[in-house]
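See structure below.
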There are 2 protein chains.
Amino acid sequence: MEQGTQPVIGIVGGTGDLGSGLARRWTKAGYTVVIGSRKLEGAQEAAEAIRAQAAAGGWDSCSVEGRENSDAAQAADVVVVTVPFAHQRPTLEAIAPMVAGKTVVDVTVPLVPPKVARVQLPPEGSAGQIAQDVLGEGVHVVSAFQNVAAAHLQTDDPIACDVLVCGNSKDARQQVIDLMATIGMRGVHAGLINNAAAAEALTSVLININRQFKTHSGIRITGID
Amino acid sequence: MEQGTQPVIGIVGGTGDLGSGLARRWTKAGYTVVIGSRKLEGAQEAAEAIRAQAAAGGWDSCSVEGRENSDAAQAADVVVVTVPFAHQRPTLEAIAPMVAGKTVVDVTVPLVPPKVARVQLPPEGSAGQIAQDVLGEGVHVVSAFQNVAAAHLQTDDPIACDVLVCGNSKDARQQVIDLMATIGMRGVHAGLINNAAAAEALTSVLININRQFKTHSGIRITGID
């Protein structure tokens with residue numbers, strides 16, 4: 001399914017704010033994107049919305065379509081999972097047969113509503129670790145994007161937020177870092193998959209800060225420029 | 001023990017890199033600092049080293065002395081605890097009788113050597129939560145400084161690292177934020193004490209980054225300037 005050297009990107013749960021924002025940016029960057037949703041219609045509508053933006057904005061290219069989650073995972077080389085924490089495990093179990101040997105980017109933040117400003121990490125240590133456990137070592141799980149405000153993805157502006165990228169495969173981490181560079185984000189190797197706990201916990205801190213400052217905050221790593 | 005409106009600052013475990021760096025900066029900023037250590041001699045030597053720097057540098061003021069940990073906690077209004085994770089609980093138990101009603105700043109990072117670049121948070125959720133549990137609700141525990149490189153504290157330069165400040169008392173958090181502003185650091189309210197998990201986990205990520213880039217990395221919160 002590789003098109004030249006460009007991977008097809010699947011966004012499972014791609015109708016949400018974050019998923020659709022990533023889909024939009026990667027489509028505009030020239031990738032073939034397959035948006036997945038539990039319902040085909042929702043996925044197709046999300047793809048159509050991006051095509052409408054492409055037409056209105058005169059993008060150079062626009063290759064995006066909507067499918068059910070499993071079909072999106074099947075069609076993609078790199079599968080990004082952007083679902084609420086409560087749906088993470090069943091979603092991963094559903095796509096597991098379609099992602100053997102692929103890179104799966106877990107964007108889950110283990111928030112426990114209603115107290116989303118409180119760090120409440122799962123007993124497994126992190127949602128990233130849960131993803132690795134569910135999918136098994138044959139899948140290259142990479143955790144990323146937990147600290148990026150969805151609102152920023154809906155613009156074309158550079159994003160003032162570094163992305164902590166965790167995963168047990170350095171090559172898979174680098175692949176994801178390269179992909180995010182194409183849509184205006186700097187990724188940083190942040191260690192093995194369970195280090196995702198840091199980015200996941202940080203999201204609740206950023207929610208605290210957003211409430212204080214009425215903003216969409218993010219983080220920058222200092223000392224590496 | 002308040003001198004005018006200036007609190008006396010005690011640094012329990014103040015002979016280590018981070019503790020001595022904080023002691024040095026607050027002494028130079030005009031605060032009375034009491035360095036604590038398990039052994040009186042070590043504390044006195046650390047204080048003498050700061051006095052020597054003050055004399056050489058012609059500081060406006062220099063009020064610093066060394067005592068045993070319990071005596072330092074007793075003498076101080078704000079007690080900063082900078083000890084390795086393995087020593088945290090016994091150290092807090094030892095100073096507990098001396099800190100009722102005071103603000104105690106816990107700087108503990110729950111690293112588990114030798115794999116310090118791996119996030120390994122304790123079952124309690126965070127070292128900050130452990131400190132609150134050990135000291136009880138009558139003590140204003142504030143977690144801070146986990147992401148600041150000790151090397152930077154030994155200079156007089158501004159520090160390119162924001163400090164996530166967690167604690168169940170907003171007033172105590174603000175007190176610590178005000179104190180760190182006097183030594184060149186921006187603190188940010190980051191939520192209740194267990195949110196310290198975010199800063200504590202982030203330290204292992206920064207250790208990863210330091211190894212890659214041969215640097216002393218830190219973080220900045222974006223979107224709040």
Side-chain angles (χ1 to χ4, degrees), chain A residues 110 115-123 125-126 128-129 143 146-149 151-152 158-162 164-166 168 170 173 188-225, chain B residues 110 115-123 125-126 128-129 143 146-149 151-152 158-162 164-166 168 170 173 188-225:
Chain A
K115 299 204 177 290
V116 295
R118 287 197 194 177
V119 176
Q120 298 179 79
L121 293 170
S126 62
Q129 186 65 56
S143 173
Q146 281 79 10
N147 305 136
V148 177
H152 292 314
I159 293 180
C161 186
D162 288 338
L164 303 179
V165 181
C166 301
N168 296 342
K170 186 179 178 182
R173 290 198 309 260
V188 184
H189 288 277
L192 301 180
I193 188 65
N194 190 49
N195 280 13
E200 295 172 14
L202 200 54
T203 299
S204 290
V205 166
L206 296 178
I207 290 170
N208 259 287
I209 292 170
N210 290 348
R211 289 177 180 174
Q212 293 168 57
F213 291 88
K214 316 294 178 205
T215 188
H216 299 291
S217 59
I219 62 157
R220 280 281 188 217
I221 302 296
T222 60
I224 63 172
D225 295 304
Chain B
K115 300 206 177 290
V116 295
R118 288 198 194 176
V119 176
Q120 299 179 78
L121 293 170
S126 63
Q129 187 65 55
S143 173
Q146 280 81 11
N147 305 136
V148 177
H152 292 314
I159 293 179
C161 185
D162 288 339
L164 303 179
V165 181
C166 300
N168 295 343
K170 186 179 179 182
R173 289 197 310 259
V188 184
H189 289 276
L192 301 180
I193 189 66
N194 191 48
N195 279 14
E200 295 172 14
L202 199 54
T203 300
S204 290
V205 166
L206 296 179
I207 290 170
N208 260 287
I209 293 170
N210 291 348
R211 289 176 180 174
Q212 291 167 60
F213 291 89
K214 315 293 180 206
T215 187
H216 298 290
S217 61
I219 62 157
R220 279 283 188 215
I221 302 297
T222 60
I224 62 172
D225 294 304

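We name chains A, B, ... by the order of the sequence lines, and we start the count at 1 in each one.
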**Message:** Please rank L164(B), T215(B), I207(B) by heavy-atom pairs under 4.5 Å with chain A and give me the top one.
**Reply:** T215(B)

**Asked** Among V188(A), V205(A), L206(A), which residue forms the greatest number of heavy-atom pairs with chain B at distances under 4.5 Å?
**Response** V205(A)

**Asked** For the candidates H216(A), Q212(A), E200(A), which exhibits the highest count of non-hydrogen atom pairs separated by less than 4.5 Å from chain B?
**Response** Q212(A)

**Request:** Among the options G125(B), A190(B), A201(B), pick out the one with the most heavy-atom pairs lying under 4.5 Å from chain A.
**Result:** A190(B)

**Asked** Hey, which of H189(B), Q120(B), R211(B) has the most heavy atom pairs under 4.5 Å with chain A?
**Response** H189(B)

**Message:** With a 3.5 Å distance limit and no angle check, can you tell me whether N210(A) reaches the backbone of S217(A) through a side-chain donor-acceptor pair?
**Reply:** yes

**Request:** Start with the C-alpha gap between I221(B) and I219(A), add the side-chain angles, then the distance that decides, and say whether side-chain contact (heavy atoms from CB on, under 4.5 Å) holds.
**Result:** CA-CA 5 Å; I221(B) 302 297; I219(A) 62 157; 4.1 Å; yes

**Complete:** Max heavy-atom pairs within cutoff under 4.5 Å with chain B, candidates N195(A), L192(A), N208(A), N194(A), goes to N195(A)

**Request:** Check whether L121(B) gets within reach of chain A through its side chain, its backbone, both or neither, counting any heavy atom under 4.5 Å.
**Result:** side chain

**Asked** Would you say S143(A) and I193(A) make side-chain contact, with heavy atoms under 4.5 Å?
**Response** yes

**Item:** Under 3.5 Å donor-acceptor, S204(A) side chain and V116(A) backbone
**Value:** yes

**Prompt:** Closest approach of I159(B) and R220(B), non-hydrogen atoms and distance?
**Reply:** O-NH2, 3.5 Å

**Prompt:** Hey, does the side chain of T203(B) reach the backbone of Q146(B) with a donor-acceptor pair shorter than 3.5 angstrom?
**Reply:** yes

**Message:** Within this structure, what is the SG-CD distance for the pair C166(B) and Q129(B), rounded to the nearest 0.5 Å?
**Reply:** 11.0 Å

**Item:** Residue A160(B) versus chain A: region with a heavy atom under 4.5 Å
**Value:** both

**Message:** I need the residue from D162(B), I224(B), I209(B) with the largest number of non-hydrogen atom pairs under 4.5 Å to chain A.
**Reply:** I224(B)

